[in-house]
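Input: a single structure, listed below in structure tokens.
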Amino acid sequence: MESISSKKAFRSARAETLNTALQAPLENRYLGRPVGAGLLDYEIYLRTSELRSLQSSPSDLVVPDEMLFQVTHQSQELWLKLAAFESVTLVEAIDTDDLWAACETLKRQVLVMRNLEHELGVISTLSPEAFLVIRKFLGNGSGLQSPGYFELLLGAESCNEALHQLLERRAAKLRDVYESPSRYRDLHHICELFLDWDAGFQLWLTAHFSLVRRTLGIDRTVKALDGFPTVALGPRTTKPLFPALWEIRVEMSRVWTREGGPTPGARPRSPSEGRAPSHPSVVASPLVACDEDSASGVRTGFRNRK
Ligand code: HEM
């Protein structure tokens, strides 16, 4: 990788002193020993010397924000690795009908997803200008080369298989579970935790989409280094890990009917048809439906009648 090694010139003597101090082991006066030399049990167990050498040294950073870029990506890889690892535990728990253990792991997966999402908030402070400098040094690197991401997808696929086999073992269709949650309480709970995991995963992808929008821009003319147009990232944010769990909602709503009213979206045959029964105390609302893209910018689909 090309590097423009330039020693940063500090405008503050204190900043320069601090920067120099951070490059060497620090004396820990409680322990009476230096930390950062890689000799303490904590450092040996966690291999902190190796870990902390995985980022460019301050003098090699192409812009100061490259540290944020590297730390965030490396940290995300570790959390994705953990999520994939936990999938093995989850598959085993489901396959052996240990549903309490499965719930515990699923809860952890949900929190890992939340963590991945929140972490992207930090890198969202990266300016497009700084990113475009870093970008020159990324070769043809792209998110589609992330090992953690592909491990996570593989892990989720295997968990999905295990879940569907569990349903088969119980002779329960997903539709049964969702139509009679109290009859299939444990299965319903597991399915909902899977859904939480998936929702968390999609929120992470949405945060990533927003990050790409802020740094690179989303447009069909803006391409990733491998030629992938950034505009194609949008629809991928809602691509689920466990499609059947989302589809079941659609299936249930599709066949839903209402006593004494039209099907949602059907054109009323008479002006009174389809209105909620009026109550004497209900006064006509001053709100009217409007187009989402209207100048009012109100996303609820309503605006005040002028
Ligand atoms: C400034 C920061 C970032 C930018 C500008 C960026 C940009 C992009 C772009 C343009 C893509 C489109 C596909 C491609 O690259 O070929 C992509 C995909 C991807 N990126 Fe990033 N990314 C950033 C940070 C991250 C981080 C921190 C991660 C965490 C591992 C990540 C993971 C991914 C993944 C997994 C994909 C594939 C998504 C999918 O299949 O839908 N990216 N990224």
Side-chain angles (χ1 to χ4, degrees), residues 1-4 51-52 54-56 60-87 108-160 195 197-243 245-246:
M1 182 188 280
E2 193 186 338
S3 134
I4 43 171
L51 180 66
R52 292 159 56 85
L54 298 177
Q55 301 80 42
S56 302
D60 284 339
L61 295 170
V62 294
V63 280
D65 281 359
E66 194 184 12
M67 183 65 88
L68 167 71
F69 187 84
Q70 292 184 353
V71 167
T72 310
H73 277 83
Q74 289 175 347
S75 169
Q76 294 255 305
E77 282 301 326
L78 291 178
W79 286 110
L80 290 166
K81 176 178 176 169
L82 179 68
F85 175 82
E86 295 291 342
S87 296
R108 185 173 294 171
Q109 292 290 40
V110 175
L111 293 172
V112 171
M113 296 301 118
R114 201 171 296 165
N115 207 46
L116 278 161
E117 179 208 343
H118 288 176
E119 218 174 55
L120 291 187
V122 187
I123 196 176
S124 295
T125 58
L126 183 68
S127 70
E129 176 246 0
F131 175 67
L132 291 175
V133 176
I134 297 169
R135 199 175 193 219
K136 293 185 187 162
F137 300 88
L138 300 178
N140 276 332
S142 92
L144 290 172
Q145 295 170 7
S146 155
Y149 179 57
F150 281 87
E151 279 180 16
L152 172 109
L153 295 183
L154 180 67
E157 199 180 308
S158 188
C159 292
N160 194 32
L195 194 90
W197 176 9
D198 204 348
F201 171 72
Q202 291 173 47
L203 284 175
W204 172 60
L205 288 180
T206 304
H208 173 269
F209 177 82
S210 169
L211 168 67
V212 177
R213 198 173 182 192
R214 294 177 73 125
T215 45
L216 257 183
I218 296 289
D219 195 87
R220 72 173 61 80
T221 60
V222 179
K223 304 232 162 82
L225 292 165
D226 57 4
F228 188 94
T230 54
V231 74
L233 277 173
R236 294 170 77 93
T237 58
T238 49
K239 198 160 176 276
L241 294 173
F242 312 114
L245 295 178
W246 300 99

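We count ligands from 1, going down the list as the structure has it; atoms in each ligand are counted the same way. What's counted below: heavy atoms across the whole structure, side chains too, no hydrogens, waters or symmetry copies.
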Would you mind writing out a table of all protein N or O atoms found under 3.5 Å from any N or O atom of ligand 1, naming both atoms and giving the distance to 0.1 Å?
| residue | atom | partner | partner atom | Å |
| --- | --- | --- | --- | --- |
| ligand 1 | 15 (O) | Gly143 | N | 3.3 |
| ligand 1 | 16 (O) | Ser142 | OG | 3.3 |
| ligand 1 | 16 (O) | Asp226 | OD1 | 2.9 |
| ligand 1 | 16 (O) | Asp226 | OD2 | 2.5 |
| ligand 1 | 20 (N) | His208 | NE2 | 2.8 |
| ligand 1 | 22 (N) | His208 | NE2 | 3.0 |
| ligand 1 | 40 (O) | Tyr149 | OH | 2.9 |
| ligand 1 | 40 (O) | Arg236 | NE | 3.2 |
| ligand 1 | 40 (O) | Arg236 | NH2 | 2.7 |
| ligand 1 | 41 (O) | Arg236 | NE | 2.7 |
| ligand 1 | 42 (N) | His208 | NE2 | 2.9 |
| ligand 1 | 43 (N) | His208 | NE2 | 2.9 |

[X] and [Y]: side chain donor to acceptor below 3.5 Å:
{"X": "Gln202", "Y": "Asp198", "result": "yes"}
{"X": "Ser146", "Y": "Glu77", "result": "yes"}
{"X": "Ser56", "Y": "Glu66", "result": "no"}

Using 30° and 60° as the class limits, which term best fits the ring planes of Phe131 and Phe69: parallel, tilted or perpendicular?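 Taking Phe69 first and then Phe131, their aromatic rings sit tilted (interplane angle of 30° to 60°).
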Please determine whether side-chain contact (heavy atoms from CB on, under 4.5 Å) holds for the pair Val62 and Lys136, giving the CA-CA distance in whole Å, both sets of side-chain angles, and the decisive distance to 0.1 Å. CA-CA 9 Å; Val62 294; Lys136 293 185 187 162; over 6 Å; no
Identify every side-chain donor-acceptor pair in residues 216-228 under 3.5 Å, counting partners at least two apart or on other chains, and give the distances.
| residue | atom | partner | partner atom | Å |
| --- | --- | --- | --- | --- |
| Asp219 | OD2 | Thr221 | N | 2.9 |
| Asp219 | OD2 | Thr221 | OG1 | 2.6 |
| Asp226 | OD1 | Phe228 | N | 3.1 |
| Asp226 | OD2 | Ser142 | OG | 3.1 |

